[in-house]
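Every number for a ligand or one of its atoms is a count from 1 in the order of the listing.
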Amino acid sequence: MLRGRISDWIEAHRDECVALLQEIIQIPSPSGEEQRVAECLAARMRGYGFTTAIADGAGNALGTIRGAGGGRSLLLNGHIDHVPVGQMPDPYSGRVVDGSAFGMEGKVVYGRAASDMKAAVAAMVLAGRALNELGISLKGDLKVAAVSREEVGGAGTMSSIVDSQFLGDVVLIGEATDMHLALGHRGSMKFGVVVRGRSCHASAPERGVNALYKALDMIRRIRDELVPGLPDHPVYGRVSLVVTQIDVSPKASNVVPERCVFWMDCRSHPGYPAERLYSDLKGIAAELRSVDPEFDAMVLPTPLINERGFTGFYTDPAANPVVGEAAQAIGEVLGPRRLGMWTFATDGRIYSRLGLPVIGFGPGEERFAHTEQDHVRVVDFLDAVRVYAWLACRICGVSKN
Ligand SMILES: [Zn+2]
């Protein structure tokens, strides 16, 4: 049967599959420098019999296997950019090592972007190859969008939609889910606070008002009073809020700073919109001012201006029967899977805003993304090829095999 033939093909081409993953890990592709990986993937897709495959001017590789007609199209989306390598040893080796170094069983492929998310991208391309070489022709189109600049805001996916209208009836995002299903994530917003003081010589700090100390008063309140009370949500989980950046001026070790700006990252659900956080922060500033006349802070209304509304998404299985179909298809390959949410944000939010059903499934674990232990288990990578290929059969329909 079909599913068995797909598994047999993957087993017989195991080494070639791993080699493709290694090849794309070995090409560095920090955000904004994805062109070489995109060209490599486009060339591979053409070689694997995709109907069309191009590397566009935006650093994306876009490939399509045209269906015979009469089925839904499935778009597989994965990003090919990665975060900086930092102190990671040998980040572009892509070598196969024993997983015990990371507390994992079996062999793993190590390297920057292995889990986030070149393993998923390679698996998407290989799923297309497997179907083509097995002579399985789909009814709907199977599309692979290997996109640039996800880590810096999603410009690659945006460009694939705006410039190439590269869309599908069903969208799968391959960000790491540890082989379970993810149906969405919280929205993210960034708030800043400017705290003003009065500069003076650092040798006589009592003559001025230290903006850094005043900012710390507010940061402490945020950490100790606001954060513990942030609301939970049955689907999205709890709101998170953390101060991530702080800056003073003037920048001199012998001057008491007159200005301090700090920034916060907040991951929120629809029950705690930007307006609410904005008013909570303003409330803390007003309270501090009521007990300290020298306290002078302004909450910057950045997300209220830049982001209209909620930036997270949730593909509700009750409203989208395709979630159940996908869960069943993936279960047929791997056994029953959990339905959950990602902790981080993905390009899925962009497709979801267009009203498309977005489902998440990818090899790798969230906890290793952006770390020096970036790796993916070989068995999970190969299982992802099986899942993507089988999902294409189930979602797009099979016209001949
Ligand atoms: Zn990612």
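In summary, no N, O or S atom of Glu150 is located under 2.8 Å from the Zn ion (ligand 1). The distance from the Zn ion (ligand 1) to the nearest N/O/S atom of Asp116 is under 2.8 Å.
The minimum distance between the Zn ion (ligand 1) and any N, O or S atom of Glu175 involves atom OE1.
Aromatic ring orientation, His185 versus Phe313: perpendicular (interplanar angle above 60°, classes split at 30° and 60°).
A donor-acceptor contact under 3.5 angstrom links the side chains of Glu151 and His370, judged on distance only.
Among Ile173, Asn320, Asn77, the single residue meeting the side chain to side chain contact (heavy atoms under 4.5 Å, CB included) criterion with Val358 is Ile173.
A salt bridge links Arg349 with Asp347: the closest approach of a Lys/Arg side-chain nitrogen to an acidic carboxylate oxygen falls below 4.0 angstrom.
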